[in-house]
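Atom set for the values below is all heavy atoms of this structure, side chains included, hydrogens, waters and symmetry mates excluded. Note that this is a predicted model, so its numbers are computed, not measured.
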Amino acid sequence: MIVMVVGFATVLIRGTILNGGPTNIWQCASEGSRLHIFDFDVDPLRRHTFWTIVVGGAFTWLGLYGVNQSTIQRCISCKSEKHAKLALYLNLLGLWIVLVCAVFSGLVMYSHYKDCDPWTADFISAPDQLMPYFVMDIFSSMPGVPGLFVACAFSGTLSTVAASINALATVTFEDLVKKFFPDISEKRSTWVSKSLCRYLGSCTKLAPLPAGLPHHPRHVRGAHAGALHPGNHLSLLVLFLRFRLQAGFF
C-alpha cells in the first residue's frame, strides 16, 4: 500500500509541476468537460453515468466484498468479527486513497496531453499504455525513477494475484481433494495445497499467451474469477432465498 501511494505521489507531484500547478490542471479539465460528475442520463449504453456507476458498482463490489472467496478467507483469518470489520474499514480507506490518486493522475495526464493524444498519434498501441508512457515522458531526465512506478504497479498486482491463486487452490483442495481423500493427513494437505498454488500460478502465467494478451491484472483476475465467481453468484442466490423463506414470502 505504501509503495503504491508513494509511486502515485511521485507521478502526481512531478506532473503537477510540469503542467503549471493544480489550478491550471483543474481549469484544463473543466474546459475539456472532464469534471461532469453528476450525469443522470438513464441510457444503459453509456459507460460512465451516475446510474451505471452506482448500480453496476454496487453489484461489482458486492460480489468482491460479500462472497468473494479471497476476501472471505482474509476475514476468516482475523481473530474476531470486530477485527474483520476493522480490516474491511482500513481496506476501504486504502481503496479511496488509491482511487483518488488514480483520478487525479488522469486529470494530470489530460492536461499534459490535451493537445496531442499519444494513442491517436500512434505513440502507443493501447490506452492501457498511457500511464507508463506518461511516466517515461515526465521522468525521462531522471534515470531510475520510472522503476518506482514499476514497483508501484507490481506491488498491487502481485498481492491481488497471490490472494486469488491461494483462494483458487483452497477451493480446489476443499471441494475436490478432500472429497476423494477425506482422511488425508495435515502434512500431506499442506503439501498438496502448496502444489496446487504452484500449478495454478503456472496456469495463470501461461493462460494469456495463446491469445496474445498482455499480462494485465484485469486478465489475470478474470482467469481466477471464471472459476470462483459462479459459486459467488450461487451464494448470493442462496442468501436471497433464505431471507425470503425466513420472512415468510414463500
Side-chain angles (χ1 to χ4, degrees), residues 1-9 54 57-102 151-204 217-218 220-247:
M1 176 65 189
I2 295 177
V3 176
M4 295 176 65
V5 174
V6 170
F8 269 123
V54 171
F59 282 99
T60 299
W61 294 111
L62 179 62
L64 182 61
Y65 285 97
V67 292
N68 183 270
Q69 175 71 18
S70 178
T71 304
I72 297 302
Q73 280 186 207
R74 295 176 181 180
C75 292
I76 292 176
S77 65
C78 296
K79 292 182 179 180
S80 62
E81 182 180 347
K82 181 179 179 180
H83 285 83
K85 290 181 178 179
L86 178 60
L88 290 175
Y89 287 136
L90 292 175
N91 178 269
L92 180 62
L93 177 62
L95 179 64
W96 281 348
I97 294 174
V98 172
L99 287 178
V100 169
C101 290
C152 165
F154 274 96
S155 175
T157 302
L158 293 178
S159 63
T160 302
V161 171
S164 299
I165 292 175
N166 184 48
L168 193 55
T170 301
V171 171
T172 304
F173 179 79
E174 292 292 334
D175 293 348
L176 295 178
V177 177
K178 290 192 70 174
K179 181 178 179 180
F180 293 100
F181 304 97
D183 299 327
I184 187 172
S185 64
E186 183 176 351
K187 182 177 180 179
R188 290 188 176 181
S189 297
T190 303
W191 183 84
V192 172
S193 297
K194 291 181 179 180
S195 299
L196 285 172
C197 285
R198 295 190 183 95
Y199 170 73
L200 295 171
S202 301
C203 291
T204 300
R218 183 174 63 251
V220 176
R221 185 177 61 187
H224 299 141
L228 294 175
H229 281 193
N232 296 343
H233 297 309
L234 182 60
S235 299
L236 286 175
L237 178 60
V238 170
L239 290 174
F240 173 75
L241 293 176
R242 181 178 179 182
F243 169 77
R244 299 279 289 188
L245 289 172
Q246 290 178 345

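- Across Leu88, Leu92, Leu86, a single residue satisfies side-chain contact (heavy atoms from CB on, under 4.5 Å) together with Leu90, and that is Leu86.
- Evaluation of the salt bridge (Lys or Arg N to Asp or Glu O under 4.0 Å) rule for Glu81 yields Lys85 as partners, not counting sequence neighbours.
- One finds the CD1 atom of Ile184 at 4.0 Å from the OG atom of Ser189 (value rounded to the nearest 0.5 Å).
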All N/O donor-acceptor pairs, side-chain side in residues 168-175, below 3.5 Å, sequence neighbours left out:
| from | atom 1 | to | atom 2 | distance (Å) |
| --- | --- | --- | --- | --- |
| Thr170 | OG1 | Gln73 | OE1 | 3.2 |
| Thr170 | OG1 | Asn166 | O | 2.8 |
| Thr172 | OG1 | Leu168 | O | 2.8 |

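- Across all non-hydrogen atoms, the minimal contact from Phe8 to Cys101 is CG-CB, 3.6 Å.
- Ala87 meets the side-chain contact (heavy atoms from CB on, under 4.5 Å) test with Cys78; sequence neighbours excluded.
- Here the CZ-OG distance, from Arg198 to Ser193, works out to 11.0 Å after rounding to the nearest 0.5 Å.
- With values rounded to the nearest 0.5 angstrom, Asn91 atom CG is found 11.0 Å from Trp96 atom CH2.
- Going from atom OH of Tyr65 over to atom SG of Cys75 covers 9.5 Å, rounded to the nearest 0.5 Å.
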